[in-house]
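Presented below is the structure to which this report refers.
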Amino acid sequence: MKKILAMLMALILCVSLCASASAEGDWTILVYICGADLESEYALASDNMQEMIDANTNANVRFVVQTGGASEWENGASSDALDRFLITGGRRELVDRQPQASMGEANTLSAFLRWGLSAYPAAHTGLVLWDHGSGSINGVCFDELADDESLSLKDIESSLQSVQSILPKGFDFIGFDACLMGTVETAAMLAPYAQYMIASQEIEPGSGWDYEAIGWFMNSYPYADGAQLGRAICDGYYQNCIDNDAEDGATLALTDLSKIGAFRTAFDTFARDLLAATEDNADYAPIARGIASADNFGGNNRSEGYTNMVDLGGLIEAGGNWSFQAREVRAALDALTVYQVRGANHSRASGLSVYYPLEVQGSMELGIFKDVCISPYYLELVNKVAYGFANGGSWEDYDGSMDWAEDWDWDEDDGQSTAISFQEKPHLNEDGIYVFTLTEDALNNTESVEAAVYLLVPEEDDVVCYGYTSDVVADWETGTVEDNFDGYWFALPDGQALCVYLVDQRDDYDILTSPVEVNGEEKYLRFAWDYTGEVRVLDLWDGISSNGIASRPGDSLKQGDRIVPLYDAFSLSSDDEYYYYGDAYVWKNNDKLCFDLLPDGDYLYAFSINDIYGGNYMTDTVEFSVDGENILYTAA
């Protein structure tokens, strides 16, 4: 009898352990796929859903997907309704269909979460938001059927609040298979609703996450928790980038949201110190220069557009000499970022970005940031910098109010920054070098100096912009800046100069961009130039749209692509501005961009002085001519 009883107890224990093990290995991952043009033009959402099928997950691992927001679907999903699929065991099943609604509305996300969590409860639950992303200001999931309406951070927060009673313990992770969503503002918003965040600081390549690798990991390690799965998602994503020759620009980080409270406390004190530095421009100028040279994401240049997403670690480093809190806040940031992958172009990335007004796009932008900022001191710092930009480079009348932004005419042409003045005006010195010296006040207002190069079109009254170069020599002690131009420029293999803008500057190479037309479509050609002279094409990119959508990068140039250089141009007599088109060039395998002397001709050169508020002062031009290796400057 005792033997039978012992056997029964053992059997009961075994059943109990098996049931526990089954629960521990039970995962539902909700995937909210707003297809947009990523699906209608490139079928990328269909590709990712096929990866979920190919993962052939076991019965305890399921992807629960809602599709919408695209005008066309390759995999048979409806463009006239919201389809809901269960993907598990190598099969995809349509389990529900809802009327058409904008995927950029909070109610649509809320309804999907309520349905998915109720229909497919599990011991572990993840949520992935899939589409274009655009950082803390414009959010994620831009529905192309609803005028690109998107989910803001506040929309996402509202949706998560609506399902707290269904999932009181919160999600094991919330991830963004989308560009630029790896921000501290996003992390702070998610903290009450999830244990971990998985998101990229930078734009993602079109291939996005590797869902087959995610499913394989969950099959192989059924007892993995959110942190372990998060690491696997990061590793799978990075390998996917390697497989698609996109690893150099890759970033993806796993953030421990339980640590956000400690970080916010430390950051608030740090931000108070930065705000105090603005009382004297001499103190804040080196901080602003440090922030401007920190890693940033999603373009942030006058050609491609601005997301104003700056690396949080870089911002902390920029204020390190001013705040005694810098070491503590950096340690708190490192505790937040438990794991990350990053490519060579972002070797300094800390795992999270923060909004900083490199160039304010309008009062609406500031109003959105007001609702998501993690520190009142940092909010006032951003507001003060933006006020300086909107008021010609002056904080003189700043009173701490954000009301000024609502009344400012952001479309107004304000001309030159009033923060810049000269002790010695720009001129050609006796050695033929174009040079100027700033006043002490202007030096403390100056963030950086570039130079613009223009072609004078022969026998026409037109000026064609060849872009900007950072190749100037600036003495930040005396305020004296000299040109360092030697006549070399970037060009196509046929010698046509490109219009070039600096994207980012590293210790031993620069990343640059050039507007071009490729096979009839306007793109940005991104390339890297190391200081040994090698120029390497990175990719083609659509840039930042007028409504803030950050495109995913496309392919590199390939055999037979028809490239037409594009240039900003204007008329000297009428000041009319227009696009100037170069000649078509057909790309060949093994072609490389050139860095060589400009063709013989007449050109203009001017300094472009950027102030610490995001404003700009353009100096008068000097004319120079290129004759072989000879560069001759004359007064304009």
Verify whether the ring centers belonging to Y617 and F436 lie closer than 6.0 Å.
no

Looking at the rings of Y613 and W395, which for Trp means the six-membered one, are their centres under 6.0 Å apart?
yes

Between F173 and W209, what is the ring plane arrangement, given parallel below 30°, perpendicular above 60°, and tilted in between?
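F173 and W209: tilted rings.
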
Assign the ring pair F595 / Y488 to parallel, tilted or perpendicular, where the plane angle (0 to 90°) is split at 30° and 60°.
tilted

Side-chain contact test, heavy atoms from C-beta onward, threshold under 4.5 Å: evaluate it for S350 versus R330 and give yes or no.
yes

Under the side chain to side chain donor-acceptor pair (under 3.5 Å) test against D311, which residue among H346, R348, Q201 passes?
Q201

Determine the sole option in D441, N444, N445 for which the side chain to side chain donor-acceptor pair (under 3.5 Å) test with N281 is passed.
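Of D441, N444, N445, side chain to side chain donor-acceptor pair (under 3.5 Å) with N281 is met by N445 alone.
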
Considering residues, nucleotides and ligands other than [X], do more than 12 of their heavy atoms fall under 6.0 Å from its [atom1]?
{"X": "K169", "atom1": "NZ", "value": "yes"}
{"X": "E317", "atom1": "CD", "value": "no"}
{"X": "Y377", "atom1": "OH", "value": "no"}
{"X": "D225", "atom1": "CG", "value": "yes"}
{"X": "Q161", "atom1": "CD", "value": "yes"}

Short side-chain donor-acceptor distance under 3.5 Å, [Y] and [X]:
{"X": "S152", "Y": "D155", "result": "yes"}
{"X": "D235", "Y": "Y339", "result": "yes"}
{"X": "T480", "Y": "D475", "result": "no"}
{"X": "E304", "Y": "T513", "result": "yes"}

Heavy-atom closest pair, residues [X] and [Y]:
{"X": "Y378", "Y": "C373", "result": "CD2-SG, 3.9 Å"}
{"X": "A451", "Y": "Y605", "result": "CB-OH, 3.2 Å"}
{"X": "Y468", "Y": "A452", "result": "CE2-CB, 3.7 Å"}
{"X": "W489", "Y": "Y466", "result": "CZ2-O, 2.9 Å"}
{"X": "Y398", "Y": "N383", "result": "OH-ND2, 3.0 Å"}
{"X": "A550", "Y": "L180", "result": "CB-CD1, 3.3 Å"}

The test is side-chain hydrogen bond (donor to acceptor under 3.5 Å, both in side chains); show your working for S200 and T251 and say whether it passes.
CA-CA 5 Å; S200 172; T251 64; 2.9 Å; yes

Does [Y] offer a backbone N or O that forms a donor-acceptor pair with the side chain of [X] under 3.5 Å?
{"X": "N240", "Y": "Y237", "answer": "no"}
{"X": "T418", "Y": "G392", "answer": "yes"}
{"X": "N391", "Y": "S394", "answer": "no"}
{"X": "N300", "Y": "F297", "answer": "yes"}

I need the single residue from V310, L366, T307, I368 that forms a side chain to side chain contact (heavy atoms under 4.5 Å, CB included) with Y355. Which is it?
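Of the listed residues V310, L366, T307, I368, the side chain to side chain contact (heavy atoms under 4.5 Å, CB included) partner of Y355 is L366.
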
Evaluate the salt bridge (charged side-chain N to carboxylate O under 4.0 Å, His left out) criterion for residues D268 and R272: first the C-alpha distance (whole Å), next the side-chain angles of each, then the deciding distance (0.1 Å), finally the verdict.
CA-CA 6 Å; D268 196 46; R272 182 191 63 191; over 6 Å; no

Does this structure show an ion pair linking D248 with R536, if we count only N-O contacts that are shorter than 4.0 Å?
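Judged by the 4.0 Å cut-off on N to carboxylate O distance, D248 and R536 do form a salt bridge.
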
Report the distance from atom SG of C499 to atom CG of L525, rounding to the nearest 0.5 Å.
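Here the interatomic distance stands at 12.0 Å.
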
